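The block underneath contains the structure these notes are about, expressed in structure tokens.
Small disclaimer: the values here were computed from a predicted structure and weren't measured.
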Amino acid sequence: ERGRARIGVISDTHGLLRPAALHALRDSRLILHAGDIGDPEILERLAQIAPVLAVRGNNDFGDWAACLPETLITDCVPGLRALIVHDLKTLACDARAAGCVVVVSGHSHRPLIERRDGVLYLNPGSAGPRRFRLPVSCGWLGLDDDGRLHAGIESLEPD
């Protein structure tokens, strides 16, 4: 179940926004991009679906990228405070102490959903060009009426 507050999560587009990613994010009320965007047009196209919050990745350069934070803490919806960072290894604060219930990251191109110390960690994988044999994917977050947080990964590849 995606929950009532659907938040789309994408990372590592590296300048490629696949039609399948747009389709997967179509019902989002907010989109989080965890860096390595590659082209500011990606953010503009995502903003046609829903408001976008993004962080700068290690491959994002230029004036447009310099305006993006490296880490962002945001209240996505009431009850869902998220910390967004491109490379989890660069995380310099305690997400739980900051009141975050979820940490969104990218960089590794490996999809991941796990809980650590009461915090949900979501890496949606890479939605851009394929890297090695890693999957092409994006993710989502949902908060149900009881306040329970759900997360998922969606493949952007044909079955």
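- Counting all heavy atoms, side chain and backbone alike, Leu16 lies closest to Pro129 at CD2-N, 3.8 Å.
- Using a cutoff of 4.0 Å between basic side-chain nitrogens and carboxylate oxygens, Glu154 and Arg18 are not scored as salt-bridged.
- A donor-acceptor distance shorter than 3.5 angstrom exists from the side chain of Asp60 to the backbone of Gly38, with no hydrogens or angles considered.
- Annotation: the span from Leu22 atom CG to Arg45 atom CZ amounts to 5.5 Å, rounded to 0.5 Å.
- Annotation for Ala50 and Ser28: closest pair CB-O, 3.3 Å, computed over non-hydrogen atoms.
- Distance CG/Asp39 to CH2/Trp64: 7.0 Å, rounded to 0.5 Å.
- Residue Ile7 is not grouped with residue Val103 when hydrophobic side chains (ILVMFWY) are merged at heavy-atom distances under 4.5 angstrom, including chains of intermediate members.
- Hydrophobic clustering (ILVMFWY, side-chain heavy atoms < 4.5 Å, transitive): Leu17 and Val52 are in one cluster.
- Rounding to the nearest 0.5 Å gives a distance of 10.5 Å between SG of Cys138 and NE2 of His23.
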Go through the steps to decide whether His150 and Asp144 satisfy the test side-chain hydrogen bond (donor to acceptor under 3.5 Å, both in side chains), and finish with yes or no.
CA-CA 8 Å; His150 304 274; Asp144 67 19; 3.1 Å; yes

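- Using a distance-only test at 3.5 Å, with no hydrogens or angles considered, a donor-acceptor pair links the side chain of Asn123 to the main chain of Gly125.
- When the side chains of ILVMFWY residues are joined at heavy-atom separations under 4.5 Å, either directly or via intervening members, Ile10 and Ile49 end up in a single hydrophobic cluster.
- In this view, Asp75 and Arg81 satisfy the side chain to side chain contact (heavy atoms under 4.5 Å, CB included) rule, not counting sequence neighbours.
- Note: the hydrophobic cluster containing Leu72 does not contain Leu68 (ILVMFWY, side chain heavy atoms under 4.5 Å, direct or indirect links).
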Val119/Val101 under side chain to side chain contact (heavy atoms under 4.5 Å, CB included): CA gap, chis, key distance, verdict
CA-CA 5 Å; Val119 176; Val101 296; over 6 Å; no

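- Of all the heavy atoms in Leu43 and Ala54, the pair that sits closest is CD2-CB, 3.9 Å.
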Could you give the side-chain donor-acceptor pairs of residues 109-116 under 3.5 Å, partners two or more places apart or in another chain?
{"unit_1": "His109", "atom_1": "ND1", "unit_2": "Ser126", "atom_2": "OG", "d": "3.4"}
{"unit_1": "His109", "atom_1": "NE2", "unit_2": "Asp12", "atom_2": "OD1", "d": "3.3"}
{"unit_1": "His109", "atom_1": "NE2", "unit_2": "His14", "atom_2": "NE2", "d": "3.4"}
{"unit_1": "Glu114", "atom_1": "OE2", "unit_2": "Arg116", "atom_2": "NE", "d": "2.6"}
{"unit_1": "Glu114", "atom_1": "OE2", "unit_2": "Arg116", "atom_2": "NH2", "d": "2.8"}
{"unit_1": "Arg115", "atom_1": "NH2", "unit_2": "Leu149", "atom_2": "O", "d": "3.3"}

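- One side chain, Thr13 or His33, offers a donor N or O that lies under 3.5 Å from an acceptor on the other.
- When all heavy atoms of Gly128 and Val136 are compared, the closest pair comes out as O-CG1, 4.0 Å.
- Under the 4.5 Å side-chain criterion, counting only non-hydrogen atoms from C-beta, Val104 is in contact with Leu141.
- Proximity of a side-chain donor or acceptor of Ser137 to a complementary backbone N or O of Pro124 within less than 3.5 Å is detected.
- Annotation: the span from Tyr121 atom OH to Leu83 atom CG amounts to 8.5 Å, rounded to 0.5 Å.
- Both Val55 and Leu120 are members of a single hydrophobic cluster when ILVMFWY side chains are connected at heavy-atom separations under 4.5 Å.
- In terms of heavy-atom proximity, Ala82 sits nearest to Cys76 at CB-SG, 3.7 Å.
- Between Val9 and the options Ile153, Leu30, Leu122, Val102, a side chain to side chain contact (heavy atoms under 4.5 Å, CB included) holds for only Leu122.
- Rounding to the nearest 0.5 Å places CG of Asn59 at 4.0 Å from CG of Asp36.
- For Glu70, the side-chain hydrogen bond (donor to acceptor under 3.5 Å, both in side chains) test picks out Arg56, with sequence neighbours left out.
- For Asp94 and Arg96, the salt-bridge test fails: no basic side-chain N is under 4.0 Å from an acidic carboxylate O.
- For the residue pair His86/Asn58, the side-chain donor-acceptor check at 3.5 Å is satisfied.
- Between atom SG of residue Cys100 and atom CD1 of residue Ile84 there is a gap of 9.5 Å, rounded to the nearest 0.5 Å.
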